[in-house]
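A quick write-up on the structure given underneath.
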Amino acid sequence: MQDHSPFEIIDGDLTLGLVILADHATNLLPERYGRLGLPESAFGRHIAYDIGVEGVVRGLNARLNAPVVMSRFSRLLIDPNRGEDDPTLVMRISDGAIVPGNHPITPEEWQYRLDTFHRPYHDAVSATISAVAAKTGKAPLVLSMHSFTPAWKGVPRPWHVTVLWDSDPRAVRPLLAELEAPGDVVVGDNEPYDGALRGDTMFRHCMKPGIAHALIEIRQDEIGDEAGIARWVDRLAPVFARLNADPALHTYEIFPSRTGPY
């Protein structure tokens, strides 16, 4: 029996027209999986979850009263920000760490994780987006929160915050401008990853139906403690509110994906 919910919905005002997501919010695992054969220290690393993001989305919910959907399972179990046919959906090796509980994995266990964790999370995302759309009669604005490591393979990453996207610029361009305007942080555009990922959360819930959206990545040392989380909530909340007030971001418009045809 499943011993915890695969998602959490933090209630908010549906009439605002804004939905906030956190695909990798927690490092939790159901008891049946133990620690997937990994040491406890692995679950404090980025391979298990997006450090700091849960605090950020809870803070944004408290400030903006926008509904939040976040996962309640570690990405090491199954990655909700991957398409169902993505070979990295269940990682056998993550940043050099072999995951014994994922290799080998039977087709039955793969399917069980899809049915029990991945799909219910996405059903919750779909239901929340649909509820907001029904309440407002317009397309919601969807903003997804993630975090990235300060360095990769020994090379420091200069950006404090980045925005990932595919080809829909509607929310991205004003968001980048807002983040860059104060001049006190280094802002990345599709860094350190490319936001065009076929089948991921933004592709599935926003690109295909034509909903304006952006994926925001904050460097993990920026939100590694409560003070950093509070600073970024203070920075992002008014930016998100201004974006959400733009009627142009509440229409449906389908853009071709850089990953290929839908």
Side-chain angles (χ1 to χ4, degrees), residues 2-10 20-61 68-83 86 88-103 105 113-114 116-122 124-125 143-153 157 159-162 164 192-193 195 197 200-202 205 215-230 232-233 236:
Q2 187 178 336
D3 47 28
H4 72 263
S5 174
F7 61 86
E8 180 180 351
I9 297 175
I10 310 173
I20 297 172
L21 305 179
D23 294 328
H24 302 140
T26 73
N27 58 3
L28 302 174
L29 285 177
E31 284 186 16
R32 63 179 280 164
Y33 293 102
R35 307 314 273 166
L36 290 171
L38 291 166
E40 186 62 35
S41 59
F43 289 85
R45 297 180 58 203
H46 72 98
I47 63 171
Y49 74 123
D50 279 350
I51 293 165
V53 162
E54 180 178 4
V56 170
V57 297
R58 289 189 184 279
L60 289 169
N61 169 263
V68 170
V69 186
M70 64 183 197
S71 69
R72 300 293 293 170
F73 55 90
S74 172
R75 69 199 302 176
L76 288 170
L77 186 66
I78 188 168
D79 193 333
N81 196 36
R82 295 292 183 273
D86 192 310
T88 66
L89 185 66
V90 178
M91 293 292 286
R92 280 80 162 181
I93 301 176
S94 184
D95 193 13
I98 297 172
V99 188
N102 291 347
H103 184 70
I105 183 171
R113 295 188 195 184
L114 266 176
T116 309
F117 304 100
H118 192 276
R119 287 176 179 166
Y121 171 72
H122 283 285
V125 172
L143 299 173
S144 182
M145 301 302 304
H146 290 252
S147 66
F148 65 95
T149 58
W152 183 251
K153 299 188 184 304
R157 287 168 160 170
W159 316 281
H160 298 95
V161 63
T162 73
L164 307 190
Y193 321 108
L197 180 60
D200 72 353
T201 301
M202 297 290 91
H205 296 284
L215 189 155
I216 298 93
E217 294 256 10
I218 306 172
R219 204 173 66 197
Q220 288 168 355
D221 58 329
E222 289 284 309
I223 51 174
D225 57 27
E226 292 301 319
I229 288 169
W232 276 95
V233 170
L236 292 176

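All residue numbers refer to positions in the sequence shown, counting from 1. Given the structure is predicted, the values throughout are model-derived calculations rather than measurements.
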Report the distance from atom [atom1] of [X] to atom [atom2] of [Y], rounding to the nearest 0.5 Å.
{"X": "I93", "Y": "I47", "atom1": "CD1", "atom2": "CD1", "result": "11.5 Å"}
{"X": "S94", "Y": "L36", "atom1": "OG", "atom2": "CG", "result": "11.5 Å"}
{"X": "I218", "Y": "I223", "atom1": "CD1", "atom2": "CD1", "result": "4.5 Å"}
{"X": "N27", "Y": "F73", "atom1": "CG", "atom2": "CZ", "result": "13.0 Å"}
{"X": "I78", "Y": "D86", "atom1": "CD1", "atom2": "CG", "result": "10.5 Å"}
{"X": "L38", "Y": "F43", "atom1": "CG", "atom2": "CZ", "result": "5.0 Å"}

Please check this pair: side chain of [X] against backbone of [Y], looking for a donor-acceptor N/O pair closer than 3.5 Å.
{"X": "R72", "Y": "Y121", "value": "no"}
{"X": "R219", "Y": "R157", "value": "yes"}
{"X": "N102", "Y": "M91", "value": "yes"}

Return the minimal non-hydrogen interatomic distance between [X] and [Y], and the atom names on each side.
{"X": "L164", "Y": "G195", "answer": "CB-CA, 3.8 Å"}
{"X": "A22", "Y": "V57", "answer": "CB-CG1, 4.0 Å"}
{"X": "G101", "Y": "R113", "answer": "O-NH2, 3.2 Å"}
{"X": "P120", "Y": "L114", "answer": "CD-O, 3.9 Å"}

Inset, instruction - Only counting residues at least two apart or in another chain, list the ones meeting side chain to side chain donor-acceptor pair (under 3.5 Å) with R58. - result: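 Counting only residues at least two positions away or on another chain, R58 forms a side chain to side chain donor-acceptor pair (under 3.5 Å) with E8, E54.
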
Inset, instruction - Report the C-alpha distance between Y193 and E217 in whole Å, list the side-chain angles of each, state the deciding distance to 0.1 Å, and finish with yes or no for side-chain contact (heavy atoms from CB on, under 4.5 Å). - result: CA-CA 10 Å; Y193 321 108; E217 294 256 10; 3.6 Å; yes

Inset, instruction - Please name all residues satisfying ring pair (Phe, Tyr, Trp, His ring centres under 6.0 Å) with H160, sequence neighbours left out, ordered by chain then number. - result: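 With sequence neighbours excluded, H160 shows a ring pair (Phe, Tyr, Trp, His ring centres under 6.0 Å) to no residue whatsoever.
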
Legend entry - Any donor-acceptor N or O pair under 3.5 Å, side chains R82, T88: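 Checked: R82/T88 side chains pair up, N/O donor to acceptor below 3.5 Å.
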
Inset, instruction - State whether a side-chain donor-acceptor pair under 3.5 Å links S147 with Q220. - result: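 Yes, Q220 and S147 have a side-chain donor paired with an acceptor closer than 3.5 Å.
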
Legend entry - Residue from T201, I216, N81 passing side-chain contact (heavy atoms from CB on, under 4.5 Å) with H146: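 Output: one option passes, namely N81.
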
Are the side chains of [Y] and [X] in contact, using a 4.5 Å heavy-atom criterion?
{"X": "D23", "Y": "R75", "answer": "no"}
{"X": "L60", "Y": "L236", "answer": "yes"}
{"X": "L77", "Y": "P30", "answer": "yes"}
{"X": "Y49", "Y": "S71", "answer": "no"}

Inset, instruction - Name the orientation class of the two ring planes belonging to H205 and H122 (parallel below 30°, tilted from 30 to 60°, perpendicular beyond 60°). - result: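 It falls in the parallel class, under 30°.
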
Inset, instruction - Check the pair L197, M202 against side-chain contact (heavy atoms from CB on, under 4.5 Å), reporting the backbone distance first and the verdict last. - result: CA-CA 8 Å; L197 180 60; M202 297 290 91; over 6 Å; no

Inset, instruction - Check the surroundings of atom CD1 in I105: do more than 12 heavy atoms from other residues, nucleotides or ligands lie under 6.0 Å from it? - result: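 Yes, CD1 of I105 has more than 12 neighbouring heavy atoms, counting only those of other groups under 6.0 Å.
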
Inset, instruction - Please lay out, stage by stage, how L76 and L29 fare under the test side-chain contact (heavy atoms from CB on, under 4.5 Å). - result: CA-CA 9 Å; L76 288 170; L29 285 177; 5.6 Å; no

Inset, instruction - Could you go through the side-chain contact (heavy atoms from CB on, under 4.5 Å) check for M145 and I20 one step at a time? - result: CA-CA 7 Å; M145 301 302 304; I20 297 172; 4.1 Å; yes

